[in-house]
Amino acid sequence: MSKTIIFDLGNVIINVDKTDQYKRFAEKSNKNIFYVKNYIEKCKARKYFEEGKLTPQQFYLELKNELNLSMRFKEFKNVWCSIFTLNKDVKKLVRKLGKDCKLILLSNTDILHFEYIKNKYKIIGEFDDYVLSYEVGFRKPNLLIFLAALKKAKSLPFNCIYIDDIRDFVRIAGFMCIKSFQYRGYKNLVSDLNKANVF
């Protein structure tokens, strides 16, 4: 049995849907929803925010200026964090795995998102440790963030399992000799873990 299981957060433990977020930003902007979506997904400000190089207020001002948002910080924060719902099946699985395995959370995230998720979803508190991009200063697929996770695990790579919905990130972890699985739904995940002799 692998001693440590490293979980991605978004679209694995927590479902992410930004559709309403883009719509609400567009409503408070002079930009259309397609511009809003493209900017948020590709802008350097988001990358820097997830690397801890911008404060929440600085990030807010970057988006406010670029999108001409007529929105105060409090409203912005609420909209920014309105994209999450809990994957209840994976929640139960995490709780079960935690009885026998060390659990590490590895995520590209920002302080607003993570604090919101941690406060709202108790399952996050059941992880033994976190490796968060805004705390360590780099994001996946940077090898350094995976090395940080292995350091937290205090385990050799082949004694760890990594689960992520993004294929490229799974490949990087696999390159580092971590048993890695792409999340393709709860049933597939259980099957993958069975094959890895976790249960």
With a 4.5 Å cut-off on side-chain heavy-atom distances among I, L, V, M, F, W and Y, is there a chain of contacts connecting F49 to L132? yes
CG-CG distance between L193 and L93, expressed to the nearest 0.5 angstrom: 6.0 Å
Check ion pair E126-K122 (N to O, under 4.0 angstrom): no
Once rounded to the nearest 0.5 Å, what's the spacing between atom CG of D17 and atom CD1 of I14? 13.5 Å
I need the N159 CG to C101 SG distance, nearest 0.5 Å. 11.0 Å
Are the side chain of S155 and the backbone N or O of A153 linked by a donor-acceptor pair below 3.5 Å? no
I5 vs K102 side-chain heavy atoms within contact, under 4.5 Å: no
Look at the side chain of S29 and the backbone N and O of A26, then say whether any donor-acceptor pair between them is shorter than 3.5 Å. no
Could you check whether any side-chain heavy atom of D8 comes within less than 4.5 Å of a side-chain heavy atom of K140, counting everything from C-beta outward? yes
With rounding to the nearest 0.5 angstrom, report the CZ to NZ distance, R72 to K64. 9.0 Å
With a 4.0 Å cut-off, would you call E75 and K28 a salt bridge? yes
Hey, are R184 and D192 close enough for a salt bridge, meaning a charged N less than 4.0 Å from a carboxylate O? yes
Could you verify whether a donor N or O on one side chain and an acceptor N or O on the other, from Y22 and E41, lie under 3.5 Å apart? yes
Classify the side-chain pair K42/N38 by whether it contains a donor and acceptor separated by less than 3.5 Å. yes
Should Q182 and N188 count as side-chain neighbours, where that means a heavy-atom distance under 4.5 Å? no
Taking I111 as the starting point, is it possible to reach V131 by hopping between hydrophobic residues whose side chains are less than 4.5 Å apart? no
Is the shortest side-chain heavy-atom distance between F127 and I13 below 4.5 Å? yes
Please step through side chain to side chain contact (heavy atoms under 4.5 Å, CB included) for the pair I40 and Q21, ending with a clear verdict. CA-CA 10 Å; I40 290 176; Q21 179 192 88; 4.2 Å; yes
Answer with yes or no whether the hydrophobic clustering places W80 together with I117; edges join I, L, V, M, F, W, Y residues whose side-chain heavy atoms lie under 4.5 Å apart. yes
Just verifying a value: how many Å separate K53 NZ and K47 NZ, rounded to the nearest 0.5 Å? 5.0 Å
Apply the test side chain to side chain contact (heavy atoms under 4.5 Å, CB included) to residues N87 and V12: give CA-CA distance (whole Å), side-chain angles for both, the deciding distance (0.1 Å), then the verdict. CA-CA 7 Å; N87 185 330; V12 178; over 6 Å; no
When you group the ILVMFWY residues by side-chain heavy-atom contacts below 4.5 Å and let the links chain together, are V136 and L9 in the same group? no
What about the rings of Y162 and F7, do their centers lie closer together than 6.0 Å? no
Between the main-chain N or O of N11 and the side-chain N or O of D165, is there a donor-acceptor pair closer than 3.5 Å? no
Is L105 close to I124 at the side-chain level, that is, under 4.5 Å between some pair of heavy atoms? yes
Between K152 and D128, does any side-chain N to carboxylate O distance fall below 4.0 Å? no
Derivation and outcome, ring pair (Phe, Tyr, Trp, His ring centres under 6.0 Å), residues F114 and Y130: CA-CA 11 Å; F114 188 71; Y130 313 121; 5.2 Å; yes
Describe, in one word, how the ring planes of F76 and Y60 are oriented to each other, choosing from parallel (under 30°), tilted (30 to 60°) and perpendicular (over 60°). tilted
Gap between atom CD1 of I163 and atom CG of L106 - 0.5 Å precision: 11.5 Å
Going by the rule side chain to side chain contact (heavy atoms under 4.5 Å, CB included), which residues pair with S133 if we only count those two or more places apart in sequence or in a different chain? E50, N108, R139, I145
Check: I104 and T4 side chains under 4.5 Å, non-hydrogen atoms: yes
Could you tell me which non-hydrogen atom of Y186 sits nearest to which non-hydrogen atom of V90, and how far apart they are? CD1-N, 4.2 Å
Please find out if less than 6.0 Å separates the ring center of H113 from that of Y134. no
Using a strict 4.0 Å threshold on nitrogen-to-oxygen distance, state whether E62 and K44 make a salt bridge. no
Co-membership, hydrophobic cluster, residues I83 and Y183, 4.5 Å side-chain: yes
How about I6 and I161: do any of their side-chain heavy atoms sit closer than 4.5 Å? no
Can you check whether L150 reaches C160 side chain to side chain, under 4.5 Å on heavy atoms? yes
